[in-house]
Each structure stands twice: as structure tokens, then as C-alpha cells.
Amino acid sequence: MASASSCPPDTADPVQEQTKPPPFGERGRLATPQALTEEQRHFAAENHNLIYTYLWDRRLEVDDYYDIAVFGYLRAVKRYLTEPWLRRYQFSTVAWHAMRQSIASFHRAEERRRATERKYLKTLPARPPDPFEELEAKLLLHDLAAVSSQEQYALASMRLQGYSIAETACIQGMSEKRVRGLLRELYRVYLCLFP
């Protein structure tokens, strides 16, 4: 096969400039977000309680997961009203599936973030411990031990070691809401005793 440079100028095929295809999102649709139509807004408002029902049924904290689930819900509203083949299913089925996908996607992204963070922290050179920081942490724990329950002390100790609220809750076998509440109560007591 002859290349374009080895052919005489009048027989070479002209090179056509390639253009980038438009950015596509999920299932080949354009990735640019579109605002909800009036019909979609009305439909979303009528069925809004499905978000709360889904979160309560899955035992997920509304404060933590509402913002994530709502994206799946709104995607389901758009699809349900624009793709007629989905009408063979109840809207709640489509919405639950979309909310489950949004939350699963969030969890996957969080796990990737944590894994990247762990990899990064492993690459950092270990710095020598600062004796003043260690002393300050020990004194703080000593003060906290005097005014806290064993459960609160364990939670405060883990937080001082750098564990997140979610990690602390998982290790201690309690909900994130309970961990926050116990730490908040300990913080209030500590501030009252040591202003």
C-alpha cells in the first residue's frame, strides 16, 4: 500500500481534518445537563417522598445521603418522562434503581479517594514525632478521661489518631450519628470545665 507521500500529488487522497465527537454521557446521550421541563418539575414534586422512603428503607442517614440520592431521582424523572419504554414499570422501581446507582457510584468514588490517599501517605517520608504534639495530645486525653465515659474516651482517642467519623463508627460498631452526638456532648462538657 502506497503512502500519500509516495504518490504523485494529483493522485494522493486529500486528508480530511477529523473533528472530535461531541461529549457523550450515560448510554450515548449528550453529557450537557438539561434543565427539567415544567412537566418534569411537577412530576418530581409529586413523587418527592420516594427519596425519603428509599433512604429510610435502606437505613441511610437523610442528612448524609439525600444530596446523593436526589441526583439519581432527578435522572429517573427525566428518563421516565422522555423514554416511553420505561412506562411499563412503576416509577418507584425506576427511581429506586437510579438512586441505588447514585449511591453505589458515590461509595465507589469514596473508596477510590481513600485508596489514593493511603497510597499518597505511604509515599511521604516519615517525619520524626514532635514531642510537644505528643505531650499536648496526652494532656488532652488525660483531661478528657476525667470528664468522659469510656465510650466517649475511645471515640476521642480514635479521632485524635486521625480516624474519620465514618471509620470510627465502623470500628466501634455504632452509627455515625451516635458518634457525632457523643463527641459533641464530650466537647460541650470539656468547654464548660476548661474554658
Side-chain angles (χ1 to χ4, degrees), residues 25-26 44 47-77 79 91-195:
E26 179 181 69
N47 295 290
H48 183 258
N49 280 339
L50 280 175
I51 300 171
Y52 295 109
T53 305
Y54 175 81
L55 294 174
W56 288 326
D57 187 66
R58 297 289 178 173
R59 292 179 173 74
L60 298 170
E61 288 291 326
V62 173
D63 292 341
D64 296 336
Y65 288 98
Y66 178 88
D67 293 341
I68 301 161
V70 77
F71 286 113
Y73 173 76
L74 292 175
R75 189 174 65 244
V77 167
R79 289 190 61 212
F91 174 69
S92 61
T93 304
V94 176
W96 279 48
H97 180 72
M99 289 185 282
R100 184 174 56 245
Q101 283 180 327
S102 289
I103 290 173
S105 176
F106 168 75
H107 285 296
R108 284 190 305 271
E110 277 297 298
E111 186 52 42
R112 283 191 305 268
R113 184 193 60 76
R114 284 190 199 113
T116 303
E117 186 177 308
R118 284 190 296 269
K119 282 181 188 177
Y120 172 72
L121 291 175
K122 285 180 183 179
T123 64
L124 292 177
R127 66 180 177 110
D130 183 5
F132 290 112
E133 283 182 11
E134 287 181 2
L135 179 62
E136 185 179 355
K138 285 180 183 177
L139 289 173
L140 177 63
L141 280 175
H142 185 273
D143 291 345
L144 288 176
V147 296
S148 66
S149 67
Q150 286 182 338
E151 193 174 47
Q152 289 173 321
Y153 181 80
L155 298 175
S157 177
M158 291 183 73
R159 291 292 286 150
L160 284 172
Q161 292 173 29
Y163 287 97
S164 69
I165 294 285
E167 292 167 335
T168 303
C170 184
I171 291 169
Q172 293 294 324
M174 57 181 71
S175 71
E176 292 179 31
K177 186 176 181 179
R178 177 149 171 77
V179 169
R180 281 192 200 96
L182 287 170
L183 289 174
R184 194 176 303 121
E185 179 184 325
L186 179 60
Y187 180 71
R188 286 188 195 123
V189 170
Y190 183 78
L191 286 181
C192 290
L193 293 177
F194 307 101

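Side chains included, hydrogens not; waters and symmetry mates left out as well; all remaining heavy atoms used. Because the structure is a prediction, the values reported are computed rather than measured.
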Side-chain heavy atoms of [X] within contact of [Y], under 4.5 Å:
| X | Y | answer |
| --- | --- | --- |
| Glu61 | Glu176 | no |
| Leu186 | Leu155 | no |
| Gln172 | Val179 | no |
| Ile68 | Met99 | no |
| Ile103 | Leu55 | yes |

Quick one: [atom1] on [X] to [atom2] on [Y], what's the gap to the nearest 0.5 Å?
| X | Y | atom1 | atom2 | result |
| --- | --- | --- | --- | --- |
| Gln161 | Thr168 | CD | OG1 | 9.0 Å |
| Tyr54 | Ser102 | OH | OG | 8.5 Å |
| Thr53 | Trp96 | OG1 | CH2 | 7.0 Å |

Closest heavy-atom pair and its distance - [X], [Y]:
| X | Y | value |
| --- | --- | --- |
| Leu182 | Glu151 | CD1-OE1, 3.5 Å |
| Ala98 | Gly72 | CB-O, 3.1 Å |
| His48 | Tyr73 | N-OH, 3.3 Å |
| Ile165 | Arg159 | N-NH1, 3.5 Å |

Give a yes or no on this: more than 12 heavy atoms of other residues, nucleotides or ligands lie within 6.0 Å of atom [atom1] of [X].
| X | atom1 | answer |
| --- | --- | --- |
| Gln150 | CD | no |
| Phe91 | CZ | yes |
| Tyr187 | OH | no |

- Message: Salt bridge or not between Glu111 and Arg118? Use side-chain N to carboxylate O under 4.0 Å.
- Response: yes

- Salt-bridge test for Glu110 and Arg113: reply yes if a basic N is under 4.0 Å from a carboxylate O, no otherwise. yes

- Task: Walk me through it: do His97 and Arg100 pass the test side-chain contact (heavy atoms from CB on, under 4.5 Å)?
- Result: CA-CA 5 Å; His97 180 72; Arg100 184 174 56 245; 3.0 Å; yes

- Residues forming a side-chain hydrogen bond (donor to acceptor under 3.5 Å, both in side chains) with Ser164, sequence neighbours excluded: Glu167

